Engineer: 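Please find one structure pasted underneath; my questions will follow.
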Amino acid sequence: MTDFIISAPKQVGINITGTDKKFPVRRVYCIGRNYADHVSEMGNDPKKESPIFFQKNPDNIDTSGTFTYPTETSDVHHEVEMIVALQSGGFNILEADAYNHVYGFAVALDMTRRDLQSAAKKGGKPWEIGKAFEHSAPMGIISPMEQVGKMQSGSIALSINGEEKQKGDLNMMIWNIPMMIAFLSRFNKLQAGDIIMTGTPAGVGPVHKGDKITASIDGLTTLEVVVV
Ligand code: MN
């Protein structure tokens, strides 16, 4: 066993329905601008162009049921998204082969420091400071694909304190799951443990301390998160 000079970081794991075993997370990829109605609400042209990918850190994942309001911002937005968890990977995966690499799916939130992201966009700077921060990826429980199917359609929605804010359908994705896996694997070697956050429908907006966020996708375990 390797002897490290300081304690090695903990492996992040996500719960799975029907087992005590966890899904070990390697990388967290996120696709931007993947539902046309959300592309429009952010002031961009939804006409199909190459997809935008950015990353969060595995230890930004929070499965505690709380979201700790971050520092250095006054405008944190919710984005409800489905995640795809990969059980294998590779370079140059074909669309026709993409689902063979999928382990399962879960509901997640791509929490965003919108003020910092907007400033970065304006300055032509990277988005990380607006996207990859502590607790920025609240995540629910993974359902294996063998139980829930390919998740190509179905309602995706988010409400705050019982009031509906986001509502869409998985079939509204501009880049569907095989397309995004194929595209991403041209640039990065996907591997077991990688997660892809698949984008958000329209209706994003701010959250505040005390809010109760309910994020749901037909067929998956609902994610409930309290902002603290
Ligand atoms: Mn997003």
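Numbers here are sequence positions counted from 1. Note that ligands are numbered from 1 as they come in the structure, with each ligand's atoms numbered from 1 the same way. Values in this document were obtained by computation on a predicted structure and should not be read as measured data.
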Engineer: Between F187 and F183, what is the ring plane arrangement, given parallel below 30°, perpendicular above 60°, and tilted in between?
Structural biologist: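 Ring orientation, 0 to 90° scale: tilted.
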
Engineer: Using the side-chain contact (heavy atoms from CB on, under 4.5 Å) criterion, which residues pair with S153? Sequence neighbours excluded.
Structural biologist: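 Once residues adjacent in sequence are excluded, the partners of S153 under the side-chain contact (heavy atoms from CB on, under 4.5 Å) criterion are D169, N171.
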
Engineer: Would you list the pairs meeting ring-ring contact (aromatic ring centres under 6.0 Å, His included) in which at least one residue belongs to residues 113-139, sequence neighbours left out?
Structural biologist: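 Qualifying pairs, neighbours excluded: F54-W127.
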
Engineer: With a 3.5 Å cut-off and no angle check, do the side chains of S155 and K167 form a donor-acceptor pair?
Structural biologist: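 S155 vs K167: donor-acceptor pair found between side chains.
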
Engineer: Quick one: do I83 and M151 end up in the same hydrophobic cluster if we chain Ile, Leu, Val, Met, Phe, Trp and Tyr together by side-chain heavy atoms under 4.5 Å apart?
Structural biologist: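 No, separate clusters.
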
Engineer: Sort and list the pairs that fulfil salt bridge (Lys or Arg N to Asp or Glu O under 4.0 Å) and have at least one residue in residues 181-209, not counting sequence neighbours.
Structural biologist: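 Found R26-D194.
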
Engineer: Which atoms of the protein, restricted to N, O or S, are nearer than 2.8 Å to the Mn ion (ligand 1)?
Structural biologist: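 Only E79 OE1, E81 OE2, D110 OD2 fall inside 2.8 Å of the Mn ion (ligand 1).
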
